[in-house]
A.B. asks: 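Can you keep this structure in mind? I'll have questions shortly.
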Amino acid sequence: MRTHYCGRVTEAFTGQIVHVCGWVHRRRDHGGVIFIDLRDRDGLLQIVFDPDAPEVFAQAERLRSEYVVRVTGRVRARPAGTENANLPTGKVEVLAQEIELLNKAETPPFQLDDDSVGEETRLKYRYIDLRRPQMQQNLRLRHDVVRRIRNYMDANGFIDVETPILTRATPEGARDYLVPSRTHPGHFFALPQSPQLFKQLLMVGGLDRYYQIARCFRDEDLRADRQPEFTQLDVETSFLNMGQIMGLIEGLTRELFREVMQVDLGTLPHMSYAEAMGRYGSDKPDLRNPLELVEIKDLVADSEFKVFAGPAKDPKCRVTALRVPGGGKLSRSEIDAYTALVGQYGAKGLAWIKVNEKGRGRDGLQSPIVKNLSDAALAGILERTAAQDGDLIFFGADKFKVVCDALGALRIRLGADLGFTAPGWRALWVVDWPMFEFDDKEGRWVALHHPFTAPKVFDAAAVENDPGGVLSQGYDLVLNGIEIGGGSVRIHRADIQQSVFRLLGIGDEEAQEKFGFLLEALRFGAPPHGGIALGLDRLVMLMAGANSIREVIAFPKTQTAHDPLTNAPGGVDARQLRELSIRSTVQPPSA
RNA sequence: GGAGCGGUAGCUCAGUCGGUUAGAGUAUCGGCCUGUCACGCCGAGGGUCGCGGGUUCGAGCCCCGUCCGCUCCGCCA
């Protein structure tokens, strides 16, 4: 049927008869001559219809956008002066000798070259949207990444093993997608949030090195970088320490960027969680952005200014300055907008000082709060932030988390708004994570990573006596301020695992009921093991320069987890529910 | 669960202070056109202003409710 892809017919084929198939991208009818841009996955090719062949010409007159055709014709050079430098095939055209209409098409709901079409329309007609070169490119990029991942993992001795999609609900973590069991009335499977436990069992099973391109499911609210089902590269290894596992994954990441993006990421720096929070207010700092938080607790602790002095004396709080070079030019309304931004994160306000002329002391400073601060405090702040004339300094004084969240977000926004964030790629490892964090709302300890993460030192007593002080063997891979992977060395001893469960408020009985199989497996000769999971969608999104993972997923869902194309989720008939021993508490929607 | 922005022609949008027949670009359809490539020119058709209620002599515009889309917070071990 076809001898060449449209996008590959170049001057090398001049004089040849070719058969090409594709969609009518555009028709330009000049009355006496008709041009068709024929499109397939490789690009556009100009087809010319000449009235010397009246039958074919008449057919061409009836062609419409997105009709599917097969064209037979001779490749020829375009007349001098009519080449199109924007097309790879722009030096040639095909003079049509025959055209076969393979299928008609209704008028498309949107034009393929319109890049401002609303996303819901695109998703409803995704099969048309996918014809756009950008989407073709994104999916090919994704394919290329997956292909190279498989090569790398294979070359390093990893075995691809599939784990169950129908599995058990988990007591902690994200909401599960549940699947009712017909054969066990009243019981439910859950779709996996990740293959975490199975991959650990594979290590107990002696597989030694496992990987899987795994689909994961989480029934939580969506974001630009979160879909209810998503894909991760799931990895687990035995008998490797933390550095060795990170080395393998760093090798993979660098290879992907080298081969796919022609970018050398360099050796990835390691940064402790504490340093990341301290300097950037984030556990996933964007190192392309040079702005940094500076601690000023000691400078304002004795101040009359309660807004600063209160938090400065509270060990659960932090008081921080963020210098914005040249920020003195920010208008009052711009500062108000930033105040609204930090308000989203619980900050009660946003103090600031404009440094007009620091040589003049406090008279050279412009600020609503300057009158509240001593000369010594002001001098200390200017010195520690290395402020220059024309700068602006923002302040955060509140609970540790609020200050980190608020100023961390402010830092990102300022970096983007004022152009501080450099282009390019900056990756790093974040390490030395605390094992646990005390959740004030729930009044209990929660795992910062997950409950199977190993502490740095295998000491059950330390875990129970000083949970807040225990660091884990966890590591996150961060790229341009986005977490693209997280992993850890796991707990391979049942006693330590039980201590952790207990600390997290999972009693021995519940642990036995929910995780008995894991605890048992750990007692049957579990090797030391650890691994990681990389978010494939996010990685490809970054590589594609997209700002949503929906752009690199063929059939994504909307923010309410609805698919405008298939209209999923949908109702089911009463008989189906009866078989599953299920009764809905709401009126069934029209199925 | 919460905040913000949006919903007007197939698509992208404008619509003034609440006032006569709701506009533009593009797409579509028809006509003309032999070198275009976002072809051009002429003409035509195309509207449940998301939905429901309210205020008003009069609502695309104001009020209440609701649904949908996007971004964010919560949430996402």
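Each chain gets a letter, A, B and so on, in the order its sequence line appears, and its residues count up from 1. Keep in mind that the numbers below use all heavy atoms, side chains included, and drop hydrogens, waters and symmetry copies.
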A.B. asks: Please give, in whole Å, the distance from B/U71 P to A/Ile549 CD1?
C.D. replies: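 That distance rounds to 10 Å.
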A.B. asks: Is A/Glu120 touching bases, backbone alone, or none of the nucleic acid, heavy atoms closer than 4.0 Å?
C.D. replies: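 Touches sugar-phosphate only.
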A.B. asks: Quick one: side chain to side chain contact (heavy atoms under 4.5 Å, CB included) partners of A/Asp398, sequence neighbours excluded?
C.D. replies: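 Side chain to side chain contact (heavy atoms under 4.5 Å, CB included) check on A/Asp398 returns A/Lys348, A/Val402, A/Val403.
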A.B. asks: Keeping the roles fixed (side chain from A/Gln497, backbone from A/Pro451), state whether a donor-acceptor pair exists under 3.5 Å.
C.D. replies: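 A pair under 3.5 Å: yes.
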A.B. asks: Rounding to an integer number of Å, can you tell me how far A/Asp439 CG sits from B/G74 P?
C.D. replies: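 Checked: the CG to P distance equals 12 Å.
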A.B. asks: Please determine if a side-chain N or O atom of A/Arg28 lies less than 4.0 Å away from the OP1 or OP2 oxygen of B/U36.
C.D. replies: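 Indeed not, no polar side-chain atom of A/Arg28 lies that close.
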A.B. asks: A/Phe400 ring centre to A/Arg318 NZ or CZ under 6.0 Å, with the angle to the axis within 45°?
C.D. replies: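 The answer is yes; both the distance and angle limits are met.
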A.B. asks: What integer number of Å spans the C1' atoms of B/C11 and B/A38?
C.D. replies: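 It comes out at 15 Å once rounded to the nearest Å.
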A.B. asks: List for me each residue that meets side chain to side chain contact (heavy atoms under 4.5 Å, CB included) alongside A/Ser116, sequence neighbours excluded, and say none if there are none.
C.D. replies: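 Side chain to side chain contact (heavy atoms under 4.5 Å, CB included) list for A/Ser116, sorted by chain: A/Asp114.
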A.B. asks: Could you measure between the two P atoms, the one in B/C62 and the one in B/G19, and give it in whole Å?
C.D. replies: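 The answer is 11 Å between these two P atoms.
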A.B. asks: Over all strands shown, is A/Ser194 touching base, sugar-phosphate only, or nothing at heavy-atom distances under 4.0 angstrom?
C.D. replies: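 Answer is base: heavy atoms of A/Ser194 come under 4.0 Å of a base.
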A.B. asks: Establish, from distance only, whether the side-chain atoms of A/Thr453 and A/Gln473 form a donor-acceptor pair under 3.5 Å.
C.D. replies: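 No, no side-chain donor-acceptor pair sits under 3.5 Å.
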A.B. asks: Can you name the side chain to side chain contact (heavy atoms under 4.5 Å, CB included) partners of A/Arg502, sequence neighbours left out?
C.D. replies: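 Once residues adjacent in sequence are excluded, the partners of A/Arg502 under the side chain to side chain contact (heavy atoms under 4.5 Å, CB included) criterion are A/Glu464, A/Gln498, A/Ser499, A/Asp508.
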A.B. asks: Please state how far atom CG in A/Asp221 lies from atom P in B/C68, giving the value in whole angstrom units.
C.D. replies: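 After rounding, the reported distance stands at 13 Å.
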A.B. asks: Mind checking who B/U20 pairs with, Watson-Crick or G-U wobble, both distances under 3.5 Å?
C.D. replies: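 With both distances under 3.5 Å required, B/U20 matches none.
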A.B. asks: Tabulated below should be each protein N or O lying under 3.5 Å from an N or O of nucleotides 10-14 of chain B; please produce it.
C.D. replies:
{"residue": "B/G10", "atom": "O2'", "partner": "A/Pro109", "partner atom": "O", "Å": "2.7"}
{"residue": "B/C11", "atom": "O4'", "partner": "A/Pro109", "partner atom": "O", "Å": "3.3"}
{"residue": "B/C11", "atom": "O2'", "partner": "A/Asp114", "partner atom": "OD2", "Å": "3.4"}
{"residue": "B/U12", "atom": "OP1", "partner": "A/Gly118", "partner atom": "N", "Å": "2.6"}

A.B. asks: Between B/U28 and B/C39, how far apart are the two P atoms, rounded to whole Å?
C.D. replies: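 So the two P atoms sit 10 Å from each other.
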A.B. asks: With rounding to the closest Å, how many angstrom separate the C1' atoms on B/G43 and B/A3?
C.D. replies: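 Their C1' atoms lie roughly 50 Å apart.
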A.B. asks: If you measure from the P atom in B/C61 to the same atom in B/G7, how many Å do you get, rounded?
C.D. replies: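 So the two P atoms sit 12 Å from each other.
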A.B. asks: Which heavy-atom pair separates A/Val470 from A/Pro455 by the least distance, and what is that distance?
C.D. replies: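 Nearest pair, atom of A/Val470 first, then A/Pro455: CG1-CB, 3.7 Å.
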A.B. asks: When only distance counts, do a donor and an acceptor, one from the side chain of A/Arg218 and one from the base of B/C76, lie under 3.5 Å apart?
C.D. replies: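 Flag unset: no donor-acceptor pair detected.
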A.B. asks: Quick one: A/Phe230 CZ to B/C75 C1', roughly how many Å, whole number?
C.D. replies: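 The distance from CZ of A/Phe230 to C1' of B/C75 comes to 14 Å, rounded to the nearest Å.
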A.B. asks: What class does the angle between the rings of A/Tyr125 and A/Tyr127 fall in, given that below 30° is parallel, 30 to 60° is tilted and above 60° is perpendicular?
C.D. replies: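 If you compare the ring of A/Tyr125 with that of A/Tyr127, the planes turn out perpendicular.
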A.B. asks: If each of A/Arg550 and A/Ser65 is mapped to the nucleotide of RNA chain B with the nearest heavy atom, which maps nearer the 5' terminus, i.e. the 5' end?
C.D. replies: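 So the residue in question is A/Ser65.
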A.B. asks: Base, sugar-phosphate or nothing for A/Arg413? Non-hydrogen atoms, less than 4.0 Å.
C.D. replies: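 The answer is nothing, as A/Arg413 stays clear of every strand by at least 4.0 Å.
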A.B. asks: Could you tell me whether a side-chain N or O of A/Asp50 sits under 3.5 Å from a main-chain N or O of A/Val33, the two making a donor and an acceptor?
C.D. replies: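 Such a contact is absent between A/Asp50 side chain and A/Val33 backbone.
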A.B. asks: Which part of the nucleic acid, if any, lies within reach of A/Arg26 when heavy atoms closer than 4.0 Å are counted: base, sugar-phosphate only, or nothing?
C.D. replies: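 The residue A/Arg26 makes sugar-phosphate contact but no base contact.
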A.B. asks: Any donor and acceptor pair, going by atom type alone, linking the side chain of A/Thr89 with main-chain N or O of A/Leu44 inside 3.5 Å?
C.D. replies: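 Checking the backbone N and O of A/Leu44 against the side chain of A/Thr89, a donor-acceptor pair under 3.5 Å is found.
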A.B. asks: For B/G69, does the base pair up with any side-chain atom of A/Arg122 as donor and acceptor (N or O, under 3.5 Å, distance only)?
C.D. replies: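 When only heavy-atom distances are counted, A/Arg122 does not reach the base of B/G69 through any donor-acceptor pair under 3.5 Å.
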A.B. asks: State whether A/Glu66 and A/Arg131 are salt-bridged, where the test is any N-O pair (Lys NZ or Arg NE/NH1/NH2 against Asp/Glu carboxylate O) under 4.0 Å.
C.D. replies: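 A/Arg131 and A/Glu66: salt-bridged.
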A.B. asks: Stacking between A/His30 and the base of B/C33 (centre distance under 5.5 Å, interplanar angle under 30°)?
C.D. replies: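 No, the aromatic ring of A/His30 does not stack with the base.
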A.B. asks: Could you state the CG-P distance from A/Asp29 to B/G30, rounded to the nearest angstrom?
C.D. replies: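 Distance, rounded to whole Å: 11 Å.
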A.B. asks: Looking at the side chain of A/Phe35, which of B/C75, B/C72, B/U36 is the nearest nucleotide?
C.D. replies: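 The nucleotide sitting nearest to the side chain is B/U36.
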A.B. asks: With the threshold set at 4.0 Å, does a side-chain nitrogen-carboxylate oxygen contact exist between A/Asp225 and A/Arg223?
C.D. replies: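 So A/Asp225 does not pair with A/Arg223 through a salt bridge.
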A.B. asks: Contacts to RNA chain B from residues 77-97 of chain A, heavy-atom cutoff under 4.0 Å, which residues?
C.D. replies: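 Here the set is A/Arg78, A/Pro79, A/Thr82, A/Glu83, A/Asn84, A/Glu93.
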A.B. asks: Using a heavy-atom cut-off of 4.0 Å across all strands, would you classify A/Arg76 as base, sugar-phosphate, or nothing?
C.D. replies: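 Here A/Arg76 touches the bases of the nucleic acid.
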A.B. asks: With rounding to whole Å, what would you report as the distance between B/C5 and B/C63 at their P atoms?
C.D. replies: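 Result for the P pair: 12 Å, nearest Å.
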A.B. asks: Just name whichever nucleotide pairs with B/A44, Watson-Crick or G-U, keeping both distances under 3.5 Å, else none.
C.D. replies: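 For B/A44, the partner nucleotide comes out as B/U28, under the 3.5 Å rule.
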A.B. asks: So, A/Asp417 and A/Tyr338: side-chain donor and acceptor under 3.5 Å apart, yes or no?
C.D. replies: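 Yes, a side-chain donor-acceptor pair sits under 3.5 Å.
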A.B. asks: Kindly state which residues belonging to residues 42-54 of chain A come within less than 4.0 angstrom of RNA chain B, counting heavy atoms of the residue only, listed by number.
C.D. replies: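 Residues of residues 42-54 of chain A that come under 4.0 Å of RNA chain B are, in numerical order, A/Gln46, A/Pro51.
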A.B. asks: Could you tell me how far B/G52 sits from B/G31 if I compare only their C1' atoms? Round to whole Å.
C.D. replies: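 Going atom to atom, C1' in each nucleotide, I get 46 Å.
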A.B. asks: Using heavy-atom distances to pick each residue's nearest nucleotide on RNA chain B, tell me which of A/Gly32 and A/Lys557 is more 5'.
C.D. replies: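 Of the two residues, A/Gly32 wins.
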A.B. asks: Rounded to the nearest angstrom, tell me the gap between atom CD in A/Gln559 and atom P in B/C75.
C.D. replies: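 After rounding, the reported distance stands at 17 Å.
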A.B. asks: Measure from the ring center of A/His492 to the ring center of A/Phe458 and say whether it is less than 6.0 Å.
C.D. replies: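 Yes - the distance between ring centres of A/His492 and A/Phe458 falls below the 6.0 Å cut-off.
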A.B. asks: Roughly how many Å apart are B/G15 and B/A22, using the C1' atom of each and rounding to a whole number?
C.D. replies: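 Pairwise C1' distance, B/A22 against B/G15, rounds to 8 Å.
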A.B. asks: Provide, to the nearest angstrom, the distance between the CD1 atom belonging to A/Ile36 and the C1' atom belonging to B/G35.
C.D. replies: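 Taking CD1 of A/Ile36 and C1' of B/G35, I get 14 Å after rounding.
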A.B. asks: Rounded to the Å, how far apart are A/His450 NE2 and B/C76 C1'?
C.D. replies: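 Rounding to the nearest Å, NE2 of A/His450 and C1' of B/C76 are 14 Å apart.
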